[in-house]
Amino acid sequence: MIEWNEQGEVRTAHWRSESGAPAPKRVILADDTLSADTAYRHACAGTALLWRGDFQNARLLLQALMRRVERKPAKAAARAAAKRAQATPEQAFHLHRQAQSQRARTLASIVIQLEGDYRIALRRAPDWVQACTQAWGPATGQPQVVSLRELLGLVGAYEWRKKGVEIAALGDGARIHPHYGVFSPVRGEYITLVAQAPLPAQELAFDIGTGTGVLAAVLARRGVRHIIATDNAPRALACAQDNLQQLGYGQQVQVQPADLFPAGQAPLIVCNPPWLPARANSPLEQAVYDEGSRMLRGFLAGLAAHLSPGGEGWLILSDLAEHLGLRPREQLLGWIAEAGLRVLERHDIRPQHPKVQDSSDPLHAARAAEVTSLWRLAVAATA
C-alpha cells in the first residue's frame, strides 16, 4: 500500500510496480505550480510526487526531470568519465547498471492515481483503460498508484503490440506481436541463425523458453511438423499462443508451461536463454539477465537426456558476457563438456543494432566486438 496526507486525511491505495519496487515511504502532493528544479530535488531525495494537476503537465515535468538527470555538472561528468576509463569491462558494466537503476528511481518519482476502473481523474488525462486492462487484466475496483514513467511504458507496449514487429524469416510481411512484459524480438540476427542452420530432422522440435513464440514459428515455417514450445511465464505463454495462432501455426505448435524441458525426447531442441549473467530488475529484463546463468546451465545439464539418438541441441548465445568479463568462454565450454555434450559446429553472425555504432555508449567496446552464435550440440560419445 501507498499512503499520503490530503485535505487533512490519511489516504491509501494499492501500489503497483512491474519491477517490484517498494511503495515510496514519503509522498507529497504536486501540481502545475511545482517547478522542475524543486521536483528534481524531491526526486533525488526519494520523495514521490503524487500528481494532482493537469495530466499533460505531468508528462512535461517528467521530460524536464529526464533532462536534469542527463545534464551532469562538468566536474561530476569528468569524475564519472575518469572512473569509467580506469574500470575493467566488468566494473564498467556494473557502473552502467548502477547508473541505470539510479536514473530509473529518479524518473519514477512522479506517480499517478488510477481509479478502480483504471481511469485517470485528472485534467486532460487520456483514456488508457483498454491498455491497462490488456496489460494487467480486469480492474479490481480498488484505486491504485503507479509511476507515470511505468504507465507510459505500458501504453507504449500496448501500441507496440498492435503494430507488431516484422520478421523477415517468416516471409510475406509476417509480424510478431509482443505482449506487455514479454521481450520483443527486435534483434533479428539470432532469428536469422535459426532460419539458416541445417535441420537435423523435421518430425519434432522443442523450443525452450519460447517468449513471443518467434523461433517456434520460424521452425514451423521451415517445415518442422510438430513443435513443443515451453515457457514458465504466464504472459509469455499467452503471447506465444496468440502469435502462433495468428500466423497459422496453432495446430503445428503446442505451447506448454514448463521450466525448461517438456516430457520426452526430440531430435532438435532449440534454446535462446538470457545472455548476461546478472540480476534482472523487472520481469521484462529476465529475457536479458539470468543471475548465475541459471537457465543456460539448466538447459545444458538437461539437454542430453532429452535429445533423441543422433539429435542436436541448438544453443543461441551472444558472447557479450565474455567481452564484459562476466563469463569466460572457458566456463561455457566447461559446462558443455560437464553435461556430456560436444560441439558439432558453431554458426556466427555480427549484430547490426544501433548501439554497435554508438561510441557514446559506456559499453561500446564490448558491443562493437560482440558476436551472436548458434552452437550445434550433440551427445558426446561414451568411452
Side-chain angles (χ1 to χ4, degrees), residues 1-7 9-73 97-136 139-140 142-160 180-181 281-285:
M1 301 294 291
I2 185 171
E3 181 178 296
W4 69 95
N5 289 294
E6 188 168 8
Q7 296 180 348
E9 298 179 3
V10 176
R11 301 189 181 184
T12 61
H14 289 279
W15 169 249
R16 180 181 282 276
S17 171
E18 189 69 18
S19 66
K25 293 182 179 180
R26 176 169 165 74
V27 182
I28 62 173
L29 301 182
D31 59 23
D32 308 319
T33 63
L34 182 69
S35 73
D37 286 337
T38 301
Y40 183 59
R41 286 196 297 272
H42 283 305
C44 291
T47 299
L49 308 172
L50 179 58
W51 193 255
R52 290 304 194 218
D54 181 274
F55 182 85
Q56 301 305 326
N57 285 343
R59 298 182 71 164
L60 293 174
L61 180 61
L62 179 60
Q63 294 172 10
L65 292 184
M66 289 180 182
R67 291 193 294 270
R68 282 158 176 78
V69 167
E70 302 299 335
R71 188 181 65 205
K72 295 180 180 179
R97 290 278 285 161
Q98 187 179 44
Q100 283 183 317
S101 295
Q102 180 58 49
R103 181 179 187 273
R105 284 193 295 271
T106 301
L107 297 179
S109 60
I110 302 174
V111 299
I112 300 292
Q113 182 176 342
L114 305 179
E115 302 304 311
D117 58 358
Y118 293 142
R119 288 184 303 108
I120 304 171
L122 296 174
R123 294 190 306 276
R124 292 201 297 165
D127 181 356
W128 286 343
V129 171
Q130 188 173 356
C132 292
T133 302
Q134 190 177 86
W136 297 332
T140 64
Q142 299 295 320
Q144 304 177 62
V145 172
V146 63
S147 92
L148 174 59
R149 187 167 183 255
E150 184 168 312
L151 193 58
L152 292 171
L154 178 149
V155 174
Y158 173 72
E159 296 299 330
W160 190 247
Y180 178 65
N281 292 324
S282 70
L284 185 61
E285 284 193 348

Any idea which heavy atoms bring L49 and A30 closest together, and the distance?
CB-CB, 4.0 Å

Residues in side chain to side chain donor-acceptor pair (under 3.5 Å) with T12, at least two apart?
none

Is a donor on one side and an acceptor on the other found under 3.5 Å between the side chain of T38 and the backbone of L34?
no

Output for pair (D31 CG, L50 CG), nearest 0.5 Å, gives 11.0 Å

Within a strict 4.5 Å, meaning less than it, do heavy atoms of the L152 and R59 side chains meet?
yes

Apply side-chain contact (heavy atoms from CB on, under 4.5 Å) to I120 and F55, showing your working.
CA-CA 9 Å; I120 304 171; F55 182 85; 4.1 Å; yes

Side chain proximity check, V10 to E3, heavy atoms < 4.5 angstrom
yes

Here the pair of heavy atoms bringing L148 nearest to A58 is CD2-O, 3.6 Å

Quick one: pull up NE2 in H42 and CD1 in I110 and give me the separation to the nearest 0.5 Å.
12.0 Å

Please report the closest heavy-atom contact between A21 and S17, naming both atoms and the distance.
N-OG, 3.0 Å

Please tell me if the side chains of L122 and W51 come closer than 4.5 Å, counting only heavy atoms from C-beta onward.
yes

Sorted by chain and number, sequence neighbours left out, salt bridge (charged side-chain N to carboxylate O under 4.0 Å, His left out) with E150 holds for none

Distance, nearest 0.5 Å, that separates CG of L65 from CZ of R149
11.0 Å

Apply side-chain contact (heavy atoms from CB on, under 4.5 Å) to residues Q113 and Q144 and explain how you reach the verdict.
CA-CA 6 Å; Q113 182 176 342; Q144 304 177 62; over 6 Å; no

Taking the side chain as everything from C-beta on, heavy atoms only, tell me whether W136 gets closer than 4.5 Å to E18.
yes

Quick check, are the ring centers of Y158 and W128 under 6.0 angstrom apart?
no

Correct closest heavy-atom pair for A131 and V155 would be CB-CG2, 4.4 Å

Hey, are the side chains of P24 and W15 touching, using non-hydrogen atoms and a 4.5 Å cut-off?
yes

So do D37 and R68 actually touch side chain to side chain, heavy atoms under 4.5 Å?
yes

Min side-chain heavy-atom separation R16-L154 under 4.5 Å
no

CD of Q56: more than 12 outside heavy atoms within 6.0 angstrom?
yes

Measuring from R71:CZ to Y40:OH, what's the distance to the nearest 0.5 Å?
8.5 Å

Can T106 and R103 be counted as having a side-chain donor-acceptor contact under 3.5 angstrom?
no

Does the pair L107 and M66 meet the rule for a side-chain contact (heavy atoms from CB on, under 4.5 Å), with working shown?
CA-CA 7 Å; L107 297 179; M66 289 180 182; 3.8 Å; yes

D117 side, atom CG; R119 side, atom CZ - distance, nearest 0.5 Å
4.5 Å

Carefully, step by step, assess Y118 and Q130 under the rule side-chain contact (heavy atoms from CB on, under 4.5 Å).
CA-CA 9 Å; Y118 293 142; Q130 188 173 356; over 6 Å; no

Rounded distance [0.5 Å steps], CG in L62 versus OG in S147:
8.5 Å

Out of the candidates I2, V111, L114, only one should pair with V146 under the side chain to side chain contact (heavy atoms under 4.5 Å, CB included) rule; please name it.
L114

